[in-house]
Amino acid sequence: MLTEDDRAFYAREGYLKVEGALTGAPLAELQRITDDLIERSRDVTASDEIYDLDTGHGPDSPRLTRIKLPHKRHPAYWRALAASPITEVLTDLLGPDTVLQTSKLNCKAPGGGAAVEWHQDWAFYPHTNDAMLAFGLMLEDVDADNGPLMVVPGSHTGPILSHHRDGVFCGAVDPADPDAHLDRAVTLTGRAGDMTVHHARTLHGSAPNRSDRARKILFFECHAADAWPLLGAGSYIHELGQERFWADLQDRLITGRLTTTPRLAPVPVALPLPPPPDRSSIFRIQKSGRATSAFA
Ligand SMILES: O=C(O)CCC(=O)C(=O)O
């Protein structure tokens with residue numbers, strides 16, 4: 001699906017936009033399932049294993065920051081990753097053997113849905129090599145007003161910036177960090193079915209949703225099978241124990257084969273420790289770690 005130019009652009013800039021990555025019936029199915037899931041959140045009164053609630057959520061107005069692990073909620077989400085044109089984008093960029101690290105559907109409710117402060121995913125879950133990326137499949141149109149993803153081109157080849165405040169991991173960089181170069185950021189808008197790709201080391205963030213339309217982006221964070229996790233803040237996999245971890249890993253294999261021989265690359269690593277008080281989602285890590293907001 002990708003051209004050689006696309007791959008060269010991704011390697012150089014650390015991001016890519018793929019127009020029409022998912023279209024037609026598979027896209028419509030995901031939109032319907034997502035709307036159903038949001039509808040069913042009306043009676044939920046506290047964040048749980050499925051929903052991360054935004055302020056103001058209630059029976060009259062479902063307001064979610066996130067639907068957690070959507071690929072575990074409905075097989076259509078898994079199919080969108082593992083049996084669709086998106087699968088080809090994945091293997092074009094990561095090679096034949098690929099694993100899902102995690103999935104999430106960030107909903108950004110209309111009229112204020114939370115910002116995501118600037119960060120590098122790699123700071124949350126460094127691995128033995130950085131053949132890692134995140135797909136952001138737009139389930140509805142995303143424009144400048146409803147909190148689009150923004151990325152700093154080329155930042156994936158730079159340093160891992162400090163994601164600590166007062167010595168504690170806060171999951172965000174200080175917007176005043178001179179190495180952040182936020183003035184170089186580009187905004188990734190698009191139509192439903194378009195998809196962004198960003199490298200795990202690419203600095204990115206997104207503003208609050210200032211529109212009256214939800215911003216629904218389905219994120220799949222994936223890596224080459226030979227990239228093994230060192231530590232992941234907030235990641236459920238570290239709580240599983242070895243037997244359940246192994247079973248879970250089989251479930252997360254997207255293409256090709258697993259390997260128990262990690263590839264070790266000379267990558268910069270800073271562990272996300274000590275952890276902040278609440279590690280249950282990026283929103284809570286950034287809030288409880290008292291990250292400085294770039295969007296306040
Ligand atoms: O939802 C967004 O705009 C960005 C999400 C993100 O970067 C993350 O969850 O790591």
Side-chain angles (χ1 to χ4, degrees), residues 14-17 34 38 47 51-54 63-71 100-110 112-127 132-152 155-156 160-161 163 169-173 175 180 182 185-190 194-211 213-223 229 232-236 272 276 278-289 291 293-295:
Y15 78 96
L16 189 66
K17 198 175 125 190
T34 302
I38 294 175
S47 295
Y51 300 109
D52 200 29
L53 306 185
D54 203 349
R63 292 181 63 81
L64 306 177
T65 54
R66 171 174 291 179
I67 296 171
K68 300 174 189 172
L69 300 173
H71 74 284
L100 178 68
Q101 137 92 359
T102 194
S103 71
K104 51 203 174 188
L105 206 162
N106 287 357
C107 298
K108 279 207 185 167
V116 177
E117 301 297 336
W118 291 96
H119 65 282
Q120 293 163 296
D121 293 339
W122 185 255
F124 289 70
Y125 44 72
H127 280 56
M132 299 192 77
L133 55 72
F135 288 151
L137 178 67
M138 303 177 199
L139 297 184
E140 306 292 344
D141 295 353
V142 176
D143 63 24
D145 291 335
N146 67 346
L149 191 69
M150 296 179 283
V151 296
V152 177
S155 50
H156 65 307
I160 301 307
L161 303 177
H163 287 65
F169 184 72
C170 69
V173 304
L182 298 183
V186 299
T187 299
L188 302 176
T189 56
D194 292 350
M195 184 175 81
T196 60
V197 186
H198 65 266
H199 188 278
R201 288 170 56 189
T202 297
L203 184 60
H204 62 285
S206 62
N209 181 357
R210 303 185 205 287
S211 78
R213 289 162 299 106
R215 192 227 60 175
K216 299 174 201 156
I217 300 185
L218 172 60
F219 286 96
F220 291 115
E221 296 172 359
C222 308
H223 58 87
S235 174
Y236 74 98
D278 187 345
R279 296 178 301 129
S280 56
S281 76
I282 187 171
F283 304 101
R284 288 164 195 274
I285 288 172
Q286 293 183 337
K287 196 165 180 192
S288 69
S293 179
F295 304 103

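In each ligand, atom 1 is the first atom listed, and ligand 1 is the first ligand listed.
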Within the 4.0 Å heavy-atom shell around His119, which atoms of ligand 1 are there?
6 (C), 7 (O), 8 (C), 10 (O)
Closest approach of any protein heavy atom to atom 5 (C) of ligand 1, naming residue and atom
Asn106 ND2, 3.2 Å
Per-atom contacts, ligand 1 versus Phe219 - under 4.0 Å to a heavy atom
1 (O), 2 (C), 4 (C), 5 (C)
Going by the rule salt bridge (Lys or Arg N to Asp or Glu O under 4.0 Å), which residues pair with Arg213 if we only count those two or more places apart in sequence or in a different chain?
Asp143
Could you list the atoms of ligand 1 found under 4.0 angstrom from a heavy atom of Asp121?
10 (O)
Interfacing atoms of ligand 1 (cut-off 4.0 Å, heavy-atom, Arg66):
9 (O)
Within reach of ligand 1, part of Arg215 (heavy-atom separation under 4.0 Å)
side chain
Can you name the closest pair of heavy atoms from Gly171 and Phe124 and give their distance?
O-CZ, 3.3 Å
Check whether more than 12 heavy atoms from other residues, nucleotides or ligands sit under 6.0 Å from atom NZ of Lys68, and answer yes or no.
yes
Nearest protein heavy-atom contact for atom 9 (O) of ligand 1: which residue, which atom, what distance?
Lys104 NZ, 2.9 Å
Option with minimal heavy-atom separation from atom 7 (O) of ligand 1, where the choices are His204, Lys216, Met150
His204
So, taking the atom named CG in Leu53 and the one named OG1 in Thr65, what distance separates them when rounded to the nearest 0.5 Å?
7.5 Å
No-hydrogen, no-angle side-chain donor-acceptor test under 3.5 Å, Lys108 and Ser206:
yes
Heavy atom of Ile217, distance to ligand 1 below 4.0 Å:
no
Mutual orientation of the aromatic rings belonging to His204 and His198 [parallel < 30°, tilted 30-60°, perpendicular > 60°]:
tilted
Quick one: do Asp52 and Lys104 satisfy side-chain contact (heavy atoms from CB on, under 4.5 Å)? Show the steps, please.
CA-CA 10 Å; Asp52 200 29; Lys104 51 203 174 188; over 6 Å; no
I'd like to check which ligand 1 atoms, numbered from 1 as shown, lie under 4.0 Å from a non-hydrogen atom of Ser206.
2 (C), 3 (O)
